[in-house]
Q: 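I am attaching a structure below and will ask some questions about it afterwards.
The structure displayed is predicted, hence computed values, not measured ones. Here is how names work: the chains are called A, B, and so on, in the same order as the sequence lines, proteins then strands, and each is numbered from 1.
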Protein chains: 2
Amino acid sequence: MRKLKTSRQPEILGAALAIADERGLDALSMRAVAERVGVTPMALYGYFRNKDELLDGLVGRLLTKLSPDDGGGDWEERLRAIAWATRRLAREHPSVFPLLLFRPSVTPDGVKVVDRLYQALIEAGVPDADVPRIERMLSTFVIGFAISEANGRFAAGSNETRTRRGAEAPAHQRLAGHLAASDWDAEFAADLADLMRIIRPV
Amino acid sequence: MRKLKTSRQPEILGAALAIADERGLDALSMRAVAERVGVTPMALYGYFRNKDELLDGLVGRLLTKLSPDDGGGDWEERLRAIAWATRRLAREHPSVFPLLLFRPSVTPDGVKVVDRLYQALIEAGVPDADVPRIERMLSTFVIGFAISEANGRFAAGSNETRTRRGAEAPAHQRLAGHLAASDWDAEFAADLADLMRIIRPV
DNA sequence: ACCTGAACACCGTTCAAGT
DNA sequence: ACCTGAACACCGTTCAAGT
């Protein structure tokens, strides 16, 4: 297992992130990254053992951007702040963001964010034994929401399409007036409010 | 826009699903599917316009398996039944399942599942205006949980790794005793119980 | 109506070599 | 210490042709 160079890792990750942001995850090839860095594809293998490790590095990079200011306020405000920052991150990097759901966040920055969430939950009065579970529940929801929104699962149009079918979808019929494309800012806020009500008297 | 043949679509999707289940999503190439069906790669393009449409077909196939029995019981039992069935689906098809989070479920079977969820929520007393939002919240959480569990975000080991760091992660220190790998069946059940409490007095 | 063959412009990665 | 060149075994997809 060769030892990796680190000198140009940040530069390489920056190039990779830029390509993914500009042209999508499919365009993110080792060859494209190499070209952008101004080097032969093979040179990258001195810094990352393979493409998968480069993607892990990209996840680490995203997590860095998630834990900036220590943030004052009570536990609820701090929880909310992290949730909104996460969603913002998904809008800035829609192609790379989904990787967060597939790789455990074991980087120092990832741990830092999780630790902040733990602290807030403890402060909220959640029993120690329940804190990790509630953290996973919250992060799963927030990441899932952000992916769904940014990648079209909540897409406009899907609801209208559904409404057409009558007999097979009676509830859709009844709810027809409420199936229009939603205001996702408001929906996210409402979901968070509901989740906060779980946390308080857990 | 050429009209597509439908005759062998199910056969092709079956082959594709088998490859993904056996060898992972990376191994799911048009060429591999063609070989399994016993045909030239190009023959597939008579049935699906491109690989992306084949993947959409695969999502549709998964959704079929999600709405079998009409299921008796009160709204809570029916909601729970769909949630557990979804999670079971993720364990059976871990490679393909994540696609559910990236593509709107506009197939007839997808609409059928959503309609069941709508009916249950209406019966639970959720105001019509909130039903679609609550459905999105639930499905986002359930799909997100199932992906996280099946794809290693909740991976064993990640928590132990975290605990090592001291000063930078005080809450991890305090929770050390509760960070061991969890019983995901129990955790999923507890999460669902919490979410049900949101639904009742929405 | 359904399928094939050859070709194009790509991939990730290994190995041996170069400064 | 860092990088390159050539090669291998793959990709998705188009186009023209074959039965």
Side-chain angles (χ1 to χ4, degrees), chain A residues 1-61 94-96 98-99 102-103 151-152, chain B residues 1-61 94-96 98-99 102-103 151-152:
Chain A
M1 226 201 227
R2 274 261 293 94
K3 192 62 168 55
L4 295 174
K5 291 161 247 167
T6 57
S7 47
R8 306 182 70 183
Q9 277 179 357
E11 183 189 354
I12 293 166
L13 291 176
L17 189 55
I19 290 168
D21 287 345
E22 291 165 15
R23 304 194 274 127
L25 206 59
D26 286 350
L28 179 56
S29 66
M30 295 300 270
R31 293 167 127 103
V33 173
E35 193 186 13
R36 186 148 190 149
V37 173
V39 95
T40 265
M42 276 318 301
L44 300 180
Y45 289 82
Y47 298 92
F48 299 92
R49 238 172 297 270
N50 49 47
K51 189 180 179 180
D52 236 58
E53 288 207 357
L54 192 150
L55 293 178
D56 281 336
L58 229 35
V59 169
R61 177 86 150 219
S95 302
V96 176
L99 297 180
F102 296 86
R103 298 163 193 265
N151 287 73
Chain B
M1 226 198 226
R2 275 261 292 93
K3 193 62 168 56
L4 296 173
K5 291 162 244 168
T6 58
S7 46
R8 305 182 70 182
Q9 277 180 357
E11 183 189 354
I12 294 167
L13 290 177
L17 189 57
I19 291 168
D21 287 345
E22 291 164 15
R23 303 194 276 128
L25 206 59
D26 286 350
L28 179 57
S29 67
M30 296 299 272
R31 292 168 129 102
V33 173
E35 192 185 14
R36 186 150 190 147
V37 172
V39 96
T40 264
M42 276 319 301
L44 301 180
Y45 289 82
Y47 297 91
F48 299 93
R49 238 171 298 268
N50 49 46
K51 189 181 180 180
D52 237 59
E53 288 206 356
L54 192 150
L55 293 178
D56 281 335
L58 229 36
V59 170
R61 177 85 150 217
S95 302
V96 176
L99 297 180
F102 295 86
R103 299 162 193 265
N151 288 73

Q: Picking from D:dT13, D:dC3, C:dC3, which would you name as closest to the side chain of B:R8?
A: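 The listed nucleotide nearest to B:R8's side chain is C:dC3.
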Q: Map B:R31 and B:K5 onto DNA chain C by nearest heavy atom, then report which one ends up closer to the 5' terminus.
A: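 Nearer the 5' end of the strand: B:K5.
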Q: When the distance from CG of B:L44 to C1' of D:dC11 is rounded to whole Å, what number comes out?
A: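 In whole Å, D:dC11 C1' lies 14 Å from B:L44 CG.
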Q: Mind checking the C1' distance from C:dA7 to D:dC11? Whole angstroms is fine.
A: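 Comparing C1' positions in C:dA7 and D:dC11 gives a spacing of 14 Å.
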Q: In whole Å, I'd like the distance from the CZ atom of B:R49 to the P atom of D:dT13.
A: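 To the nearest whole Å, that distance equals 12 Å.
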Q: Could you please name the option among C:dC2, C:dT13, D:dC3 that lies closest to any side-chain atom of A:V39?
A: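 Of the options given, the side chain of A:V39 lies nearest D:dC3.
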Q: Sort out the partner of D:dA6 for me: Watson-Crick or G-U wobble, both distances under 3.5 Å, none otherwise.
A: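 Result: C:dT14.
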Q: Under 4.0 Å from OP1 or OP2 of C:dC2: is there any side-chain N or O of B:S7 that close?
A: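 So the side-chain polar atoms of B:S7 do come within 4.0 Å of the phosphate oxygens OP1 or OP2 of C:dC2, strictly under.
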Q: Of all the nucleotides listed (D:dG12, D:dT4, C:dA6), which has the minimum atom distance to the side chain of B:M42?
A: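 For the B:M42 side chain, the nearest candidate turns out to be C:dA6.
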Q: So, OP1 or OP2 of C:dC2: does either fall under 4.0 Å of a side-chain N or O from B:Y45?
A: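 Result: no.
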Q: B:M30 has a side chain; which of D:dG12, D:dT4, C:dC3 sits nearest to it?
A: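 Of all the options, the side chain of B:M30 is nearest to D:dG12.
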Q: Establish, with yes or no, whether the OP1 or OP2 oxygen of C:dC11 is under 4.0 angstrom from a side-chain nitrogen or oxygen of A:S29.
A: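 Affirmative; the distance criterion is met.
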